[in-house]
Amino acid sequence: MLQSISVKRDAERRQRAEEGCRALPEYDYVVVGGGSSGCVLAARLSEDESVSVLLLERGGHEPEEARVPGYAVFNINSAMAESLKAEPEPHNCNATGCVLNVPTVLGGGSTINGMLYVRGSGEDYDEWARLTGDRGWAFNNVLRYFKKSEDNLDSPINRDMRYHGRGGPQKVSWQPYRHPVMPLLAQALEAAGVRPRLDINAEAQLGYSVVQTTSAGGRRWTTFNSYIEPVLRRRNLHVETFATARKVVLQNAARGKLKAVGVEFEDAAGTVHVVRARREVVLTAGAIHTPQLLMLSGIGPAGQLKALGIPVLKDLPVGEELLDHADVVGVPYKCEPPLCTTDWQSRLADLRQYRQNRTGPLSALNVLHLNVFARSSLAEPGTGLAPDLQIMFLARTVDEYETCLPYDSWRINRVIPLVSLMRPYSVGWLRLNASNPRGLPLVKLNYFGDPAGHDLAVTVEALRMGLRLRDALAPLGLTLDTSSFTQCAAEGAVDSDAFLRCVARTRTSTSWHWSGTCRMGRARDPRAVLDSRLRVRGVASLRVADASAMPFIPSGNTNNPTIMLAERAADIIKRDRKALCPWC
Ligand SMILES: Cc1cc2nc3c(=O)[nH]c(=O)nc-3n(C[C@H](O)[C@H](O)[C@H](O)COP(=O)(O)OP(=O)(O)OC[C@H]3O[C@@H](n4cnc5c(N)ncnc54)[C@H](O)[C@@H]3O)c2cc1C
């Protein structure tokens, strides 16, 4: 499977190289990065037939198998992502540095992610409004962009028109298959006092729920499938794949102000081109590559750029903050037949069933869509009902098939609470790599790095919640399995603080929710790279409209918030253009 993805990608790249670059020398808007946000931007901007839009994407199209929900884990480790090893730190990721799987494919994160459709809490966006001084980012205002993007297919959720939209580009639905373990987990959660919630994307999130996904009819719906594919025939929209931006071309304009006038990029054959942007360059290369591109263009922390010999055009705190939710893989529960079966006959039957009508275990991401959102005893007062922790349930097959199917997880025999810190105090950073500034940047995640130990304490509490399910799960056939936790065994009992702190330190992983590396903020905010209209401070015609712009990480998974941000960005850009040119 992994090999087939990489073979298809290589063939597509070769073909693109033979065909040559088809981009024109000039467009009104050049959008860099065709991921979750870039596809939204390019589709929305090109709705206006009088403007031309180029979308540059360094990857290619996703193969059909990438849309099978049960294969999602393959996507993460395939040629559709590059692996970035974060800086090793003693207090997280087993001191070896977590691996970040950075998307490199049309659709970006929406093509390789877990598809969970989560908005976060209203308080998060009210905080965005406070930090930017722009009420336009408050929840009551951004709700319309969440709804605008949405084609919610499930009744009764889609009957709630205050919170949900129908007919938007992004398909949203419950996955058609629910593993038999899910009702048992729900039963155990209720026994532990966690209440059910039908819809986490309405007035509140707290409780456990079966989360909707960006999939429909047993298939993944990426932002490329949702926003771009239906409009690919537009004559004013051009998508150039295997086109890697190298830098933004900047010029001195009126009154000495810098202005973005184009983008330098390398095509599939390795030829370097410059495309001019008549109106704006919009960076949507994600929270890892957008800050890198800005710095390669001379926009970033002056000291850092000077040390690398990059001429400083604008001194801004690019990459000085990196936000993410630290995930920790908790102690698993063993699940045995007949509840969990992993034999080849069942797998073959699954494949046949999926091929016939896209149902069965392959139409869902095992049990990941069962989520708990909760407030720990350390949740900050004054944050309303915003959760500070999330518990998801991962599942996988261990033992018998591990060597031949290392990433297989559609048939399972372990269920693992995966805890995620929603309101982290620890903040990381991103810098250019001095030995190769164009290569992968250096990233320090700094999970659990806050001096007061708040983040670790919340995580320990969340891990303990996962353990609390054991009394209710044991009679249902799911028993705790500590056999793989030998590294922490000497620390104490399985529910002791010392053991759980050791689990947090050694079993950390990214949640892939990188954000905030080019945050927006108020005019005098020394941490802000962008103003609240997503313009790079002090540079004309240049915006950032991806997860990098978030000033505060939402309490939930970040794909849908990024789509919302891009929807509003498109509206802002259209309005700014009208304001400058009312007759256009
Ligand atoms: C493995 C994984 C699992 C996740 N699970 C979930 C989930 O279940 N639910 C959820 O809500 N969120 C999830 N997320 C997070 C979510 O997908 C991201 O927050 C979101 O995709 C970020 O969107 P973006 O537009 O900022 O960046 P991306 O979607 O990463 O898009 C950036 C795009 O830019 C391209 N690019 C980069 N550099 C260049 C360049 N120099 N030139 C041209 N193109 C370039 C990349 O190839 C990519 O396509 C997950 C993410 C990952 C990676």
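Numbering of ligands and ligand atoms starts at 1, following listing order. Given the structure is predicted, the values throughout are model-derived calculations rather than measurements.
A salt bridge is defined here as a Lys NZ or Arg NE, NH1 or NH2 lying under 4.0 Å from an Asp or Glu carboxylate O, and D28 with R276 fails to meet this definition. Using a cut-off of 4.0 Å between Lys/Arg side-chain N and Asp/Glu carboxylate O, R44 and E47 are scored as salt-bridged. Salt bridge R519/E320: absent, no basic N to carboxylate O contact under 4.0 Å. Between E264 and R246, at least one side-chain nitrogen of the basic residue sits less than 4.0 Å from a carboxylate oxygen of the acidic one, meeting the salt-bridge criterion. One finds a salt bridge joining K8 and E65 here, because a Lys/Arg side-chain nitrogen approaches an Asp/Glu carboxylate oxygen to under 4.0 Å. Ionic pairing of E19 and R16 is present here: one or more N-O contacts between side-chain nitrogen and carboxylate oxygen are shorter than 4.0 angstrom.
Within the model, atoms CE of M564 and CG of L143 stand 10.0 Å from one another, a figure rounded to the nearest 0.5 Å. We find the CG-CD distance between N560 and E567 to be 10.0 Å, quoted to the nearest 0.5 Å.
Those atoms of ligand 1 with a heavy atom of G109 less than 4.0 angstrom away are 17 (O), 21 (O), 28 (P), 29 (O), 30 (O). Set against the non-hydrogen atoms of T558, the atoms of ligand 1 under 4.0 Å away are 10 (C), 11 (O), 12 (N), 15 (C), 16 (C), 18 (C), 19 (O). With ligand atoms numbered from 1 in the order given, ligand 1 contributes 24 (P), 25 (O) to contacts under 4.0 Å with heavy atoms of S37. For ligand 1, the atoms sitting less than 4.0 Å from at least one non-hydrogen atom of I76 are 1 (C), numbered in the order shown with element in parentheses. Each of the following atoms of ligand 1 lies closer than 4.0 Å to a heavy atom of T244: 41 (N), 42 (N). Residue A243 has at least one heavy-atom neighbour below 4.0 Å for each of these atoms of ligand 1: 42 (N), 43 (C). Within the listing of ligand 1, atoms 26 (O) sit less than 4.0 angstrom from a heavy atom of A547. Close approach of ligand 1 to P103 (heavy-atom distance below 4.0 Å) involves ligand atoms 30 (O), 46 (C), 47 (O), 48 (C).
Under the ring-ring contact (aromatic ring centres under 6.0 Å, His included) criterion, H238 pairs with no residue at all, not counting sequence neighbours.
Using the six-membered ring where Trp is involved, F265 and H273 have ring planes that are parallel, under 30° apart on the 30 and 60° scheme.
Looking from atom 33 (C) of ligand 1 to the surrounding protein, the closest heavy atom is G35 N, 3.6 Å. Given atom 20 (C) of ligand 1, the protein heavy atom at minimum distance is S36 OG, 3.5 Å.
Of the candidates F224, W512, F242, F265, it is W512 that places a heavy atom closest to atom 2 (C) of ligand 1. Closest heavy-atom approach to atom 4 (C) of ligand 1 among the candidates L296, N559, N113, I112: N113.
Contacts with ligand 1 closer than 4.0 Å are made by backbone heavy atoms (N, CA, C, O) of N101 only, the side chain lying farther away. Residue contacts with ligand 1, taken as heavy atom pairs separated by less than 4.0 Å, involve T284 solely via the backbone atoms N, CA, C and O. With a 4.0 Å cut-off on non-hydrogen atoms, H513 touches ligand 1 through its side chain and not its backbone. Of the heavy atoms in T562, only side-chain atoms (C-beta onward) come closer than 4.0 Å to ligand 1. Residue contacts with ligand 1 for H289 involve side-chain atoms from C-beta outward but no N, CA, C or O (heavy atoms, distance under 4.0 Å).
Taking any N or O of S548, backbone or side chain, none lies under 3.5 Å from an N or O belonging to ligand 1. On a distance-only criterion, W514 and ligand 1 share no N/O pair closer than 3.5 Å. Checked by distance only, ligand 1 and G59 stay at 3.5 Å or farther apart across all their nitrogen or oxygen atoms. Where the criterion is an N or O separation shorter than 3.5 Å, residue side chain and backbone included, L293 fails it with respect to ligand 1. Considering backbone and side-chain atoms alike, M115 places an N or O below 3.5 Å from some N or O of ligand 1. Ligand 1 has a nitrogen or oxygen under 3.5 angstrom from a nitrogen or oxygen of L116. Note: an N/O pair closer than 3.5 Å links G114 and ligand 1 by distance alone.
A cation-pi arrangement, defined by a distance under 6.0 Å to the six-membered ring centre and an angle within 45 degrees of its axis, is present between R67 and W221.
No side-chain donor from either of N366 and W410 sits under 3.5 Å from a side-chain acceptor of the other.
Not less than 6.0 angstrom separates the ring centroid of H164 from the ring centroid of F146.
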**Item:** Stepwise salt bridge (charged side-chain N to carboxylate O under 4.0 Å, His left out) check, R423 with D124
**Value:** CA-CA 10 Å; R423 299 190 144 230; D124 299 332; 2.8 Å; yes
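The environment of K247 atom NZ is sparse: at most 12 non-hydrogen atoms of other residues, nucleotides or ligands sit within 6.0 angstrom.
Residue V118 places no heavy atom under 4.0 Å from ligand 1.
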